[in-house]
Amino acid sequence: MSNHDFDLLVIGAGSGGVRASRIAAGHGARVAVAEEFRVGGTCVIRGCVPKKLLVYGSHFAEDLVDARRFGWHIEGKRFDWPTLRDNVAAEVDRLNELYQNTLDNNDVTTLLGHARLLDAHTVDVAGTRHTADKILIASGARPYLPDVPGAEYGITSNEVFHLPELPGRVVIAGAGYIATEFAGVFHALGVDVTLINRSETILRGWEPALADRLLQISMAKGLNFKLNCRLERVEKISDGLRLHFADGKTMDTDVLMWALGRVPNVEDLGLEGVGVALNEKGAIAVDEDNCTNVQNIFAVGDVTDRVQLTPVAIREGHSFADRQFGSNPWRVDYNAIPSAVFSNPPLGSVGMTEAQARNAYGQVRVFTSDFRPMKSVLAGRTERALYKLVVDAATDRVVGAHMIGPDAPEILQAVAIAVKAGLTKAQFDDTMALHPTMSEELVLMR
Ligand code: NDP
């Protein structure tokens, strides 16, 4: 035990910070966590969790239409945004309380307020000084706002959950995770959606065949895309916003949402004064054990901008706590991290794309299944699911699995176990199909 107030002071009570606090406390450390907004962090408060609930809520739009083909006639259906918004907010409140309980039950002291390093062992939180032997920075990231005049008129994923009313028109800038997810939500809820992006692709980095499938399905549903475009200025007009593009064209909208990536929260933490180094991306530079260049200061999660995913931050926080306060040090394995986009339809992916595998292995074999799910057929929906397996030809190992279609993320999590375990295509094929399911396609690709 050190002479400091705490053995560990964590800055940021998000996914990584809470896990690190709880595990370190479990190892007997005296722990405090500083939080300036709400315990739970981006994922719980204004990210994954409320977003997924909106995705569920919006999906009823199609489900209720399809229900007719299954014999269900629902008269007078209507959607009420305040009900969904407020129920989601209430669930966020519940989870926020659970996270707080977790901290309290593990004897972690919560310090509410902005934290700033005064020296390598002293942190100011809302005007009070606290000292700690070790400091973990888990301050997360925030939406990136572009440097265009009028950018402040746009909202981000921080505000989208609290819209006073559902707008008639939304323009979403960006075509990554957040843009495609919210495009799906808004469109299903009856909003006129336009997605604008600087490049000609959506979901860059994803298996192109799947991204293209999402684009085609989305266009068929009636979403608008303006790709290869540069937004130069946002003007406030009497009934909304006017967007001015580099090609001289304009577009009017009620709401503009920025979804152009997230930047690490490194400002106003006192990092310069203590000498904590940033990397070329402006994130806190850490080694594989989450150590910064300052001996007793560490960082995990989005503030390090390695992989901006909640489960990764959680593992990093856990690994940090076990290494620094436990007796069983281990490192996070960043191979084969599954990922999903909760668009409509959703995507799931693990391992390498076909192009990445060709670069890595030379010879690859690719298997695809392009099908209409049984439920969609009866519902009269034309959209097709697409599954793709990428196999290293030399070893027969499945090195990538990519899916778009109903419940793709749920199915993908199980496939990720097989890919992570290095199973071969022959072992996939040797597994008996589970009929009738969509996922049986995974063992039927010849
Ligand atoms: P993404 O990185 O997914 O997408 C960013 C989009 O903005 C891309 O279309 C990109 O264009 C465009 N873009 C990036 N920088 C600029 C710029 N300077 N000017 C104009 N356009 C730009 O970011 P998101 O904000 O959607 O999400 C941030 C991160 O949060 C994700 O990367 C992911 O790690 C995480 N997240 C995960 C989710 C999940 O797991 N389901 C859900 C939501 C977020 P292009 O690529 O075409 O060049």
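Note that ligands are numbered from 1 as they come in the structure, with each ligand's atoms numbered from 1 the same way. Along the sequence shown, the residues carry numbers beginning at 1.
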Check residues 341-348 and write down every donor-acceptor pair under 3.5 Å in which the side-chain atom is one partner and the other belongs to a residue at least two apart or another chain.
| unit_1 | atom_1 | unit_2 | atom_2 | d |
| --- | --- | --- | --- | --- |
| S343 | OG | P345 | O | 2.8 |
| N344 | ND2 | E62 | OE2 | 3.2 |

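Within 4.0 Å of ligand 1, protein heavy atoms belong to K51, Y144, G174, A175, G176, Y177, I178, E181, N197, R198, S199, T201, R204, A259, L260, G261, R262, Q308, L309, A340, F342, listed by chain and number.
Under the side-chain hydrogen bond (donor to acceptor under 3.5 Å, both in side chains) criterion, T156 pairs with E159, not counting sequence neighbours.
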Next item on the list: Applying salt bridge (charged side-chain N to carboxylate O under 4.0 Å, His left out), run through E91 and R94 and close with a yes or a no.
Entry: CA-CA 5 Å; E91 175 60 7; R94 190 184 70 85; 2.9 Å; yes

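Figure legend: K134 and F325 shown as a cation-pi pair, the cationic atom lying under 6.0 angstrom from the six-membered ring centre and within 45 degrees of its axis.
For CD of E440, the number of neighbouring non-hydrogen atoms (other residues, nucleotides, ligands) closer than 6.0 Å is greater than 12.
Contacts classified as ring-ring contact (aromatic ring centres under 6.0 Å, His included) and involving residues 300-321 (residues at least two apart or in different chains) are given here: F298-F320, H318-W330.
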